[in-house]
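Nothing fancy with the numbering, it's 1 onward along the sequence.
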Amino acid sequence: MNLNSLACADYRLSRRGFTGAAAGLFLGMNVRTLVARSGEDHKAAAEHVILFWNGGGMSHIDTFDPKPGRDVQGDLEPIKTSVAGIQISEIFPELAKQMKHVALIRSIAGQNGDHGRATYQLQTSYAQSANLQHPGIGSVVVSERKSLGDLPAYVTVGGLAPKAGYLGQKCEAYFVGRPGEKDPYLAFPSQIGEVRGNKRLDILKKMNEKQAGAVPADENTGSQTALMDAVRLMRSPALDAFEVRKEKPEVLERYGDSEFGRSALLARRLVEKGVRFVQVNRGGFDVHSNAFPAMRDHGEVMDPALAALIEDLAQTGLLKKTMIVMLSEFGRTPKINMTTGRDHHPGVFSCLFAGGGVKGGQVIGSSDEDGMRPKDRPVKVSHLHASICHALGINPNKEVMTPLQRPMKLVDDGKPVDELFS
């Protein structure tokens, strides 16, 4: 069996999952996801998603929705892009050149000004619940689409992805702490050679087989699958995708000598090897003070990496099959506070889409003249998730059954933003 021959194979392939299996321990019982009702899936334009998660609440006015000439503008100037009539912040000069591939949504109508609740909704499409863990969008994608190649279907870089919730351990993300670092759990210790290591794995397999009758079948299946597939991954040549420093020096320079730059480069290498969903996590956007120097610093890191990623994928043709999304949990207040910062503002904010069937060179919706609230075409948070599903040929209104036999839609209010694809 190929590591990912089935979507969300019955295990959680992570550092914790691998070490647990290697110790002969058994993972928790997996959830059996039963399809209760679904509509017809349409033909997919995308096969992969790269989600950039900007934690802390990224200012819409200082990035994708500048307000030149207004009191709320702040210290950053708008600049022209490669598409006539579309301007973005001066912190993105290289990204501006790629605007023909990019669609901006400037009218997201949020509901939560609290980091935790807003993050939960932006990453799951659902409002936070006291008694139910909804799956993140990455888990939804890999639950519905078969994996491609030997690598895990879902990889999170630089931070933890949202939990898989009722989709179970099988749809959790594989965690990469820092791009370019080798995972020590996917190789034998330096003092143990391959022959000796293989003998130990054979002994472990026999020990687990002896214990199999003492635990529920689902637990045994999950543990054995985790062990076998982790070993298969350890021996796969596809692991080379994680070695970003093997890229040519000029490529590394284009993406930027930063952790974010290497993360974006790693994301490209992973989708090239068939990974369905990559989430790149970055924080530091909670700019209650000194917002403008902070946003310039963010731009210096983000701009070259995003532009290089879009350009590279476009040149190889992979952008047509790879959707790039940049999200944050809310925007920042148009009013600049006493410490030259911006506070939490869920009323309206922006996001970026590119590739994967998205029609580039456009702006969808708008905020009012000061960026306080949507002016036209308000877009719900859940509609962003529905759009990702739509691009991948997934029916966002499909229902799955939770362990308590409660039917839940993959996306809460699954209406795609049609203009993204028209």
Side-chain angles (χ1 to χ4, degrees), residues 3-4 46-54 81-82 91-102 147-159 173-187 190 233-282 296-326 352 354-356 360:
L3 171 67
N4 284 316
E47 293 183 1
H48 317 275
V49 177
I50 299 174
L51 169 62
F52 290 98
W53 176 255
N54 294 341
T81 70
S82 59
I91 69 173
F92 293 129
E94 295 303 317
L95 180 62
K97 299 174 185 177
Q98 301 298 323
M99 192 55 56
K100 65 181 179 180
H101 299 298
V102 173
S147 301
L148 304 169
D150 286 341
L151 296 180
Y154 182 12
V155 177
T156 181
V157 183
Y174 178 84
F175 173 73
V176 175
R178 301 185 66 185
E181 286 189 351
K182 290 185 176 181
D183 190 333
Y185 300 107
L186 291 180
S190 57
L233 173 60
M234 179 176 68
R235 295 168 176 167
S236 172
L239 269 181
D240 186 63
F242 290 97
E243 302 293 328
V244 295
R245 295 188 186 276
K246 289 184 177 180
E247 288 278 356
K248 295 179 180 179
E250 57 267 31
V251 174
L252 292 168
E253 183 178 356
R254 285 176 59 241
Y255 279 77
D257 184 17
S258 67
E259 192 158 316
F260 183 81
R262 288 185 288 274
S263 295
L265 180 54
L266 174 59
R268 193 208 77 195
R269 290 169 64 89
L270 291 176
V271 299
E272 288 172 344
K273 291 293 185 178
V275 175
R276 283 286 191 187
F277 199 102
V278 183
Q279 178 165 322
V280 175
N281 303 278
R282 189 165 184 268
R296 284 193 174 93
D297 289 343
H298 281 305
E300 287 181 6
V301 171
M302 297 161 59
D303 181 53
L306 286 171
L309 175 65
I310 293 171
E311 183 178 26
D312 284 355
L313 291 177
Q315 287 181 351
T316 63
L318 194 53
L319 187 62
K320 294 179 181 179
K321 300 187 291 184
T322 304
M323 173 175 274
I324 299 171
V325 186
M326 177 168 278
L352 174 152

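The distance from atom CD of Gln279 to atom CZ of Phe175, rounded to the nearest 0.5 Å, is 11.5 Å. Taken from CG in Asp240 to NZ in Lys273, the straight-line distance is 6.5 Å, to the nearest 0.5 Å. One distance of note links CD1 of Ile91 with CD of Glu300; it measures 10.0 Å at 0.5 Å rounding. Once rounded to the nearest 0.5 Å, the distance linking CZ of Phe92 with NZ of Lys97 reads 14.5 Å.
The side-chain contact (heavy atoms from CB on, under 4.5 Å) with Leu265 is formed by just one residue from the set Leu270, Leu309, Val251, Asp312; it is Val251.
Under the 30°/60° scheme for interplanar angles, the aromatic rings of Phe52 and Phe260 are found to be tilted.
Under the 4.0 Å criterion applied to side-chain N and carboxylate O atoms, Arg268 and Glu272 are assigned as salt-bridge partners. The pair Arg262-Glu259 fails the salt-bridge criterion, with no side-chain N (NZ, NE, NH1 or NH2) lying under 4.0 Å from an Asp/Glu carboxylate O.
For Lys100, the side chain to side chain donor-acceptor pair (under 3.5 Å) test picks out no residue, with sequence neighbours left out. Listed by chain and residue number, nothing satisfies the side chain to side chain donor-acceptor pair (under 3.5 Å) test with Arg276 (two or more places apart in sequence, or in another chain).
Asp257 CG: 12 or fewer foreign heavy atoms inside a 6.0 Å radius. In this structure, Glu243 places its CD atom where more than 12 heavy-atom neighbours from other residues, nucleotides or ligands lie under 6.0 Å away.
Of all heavy-atom pairs between Ser263 and Val280, the closest is CB-CG1, 3.6 Å.
In this structure, Leu313 and His101 have side chains that are not in contact, with every pair of non-hydrogen atoms separated by 4.5 Å or more.
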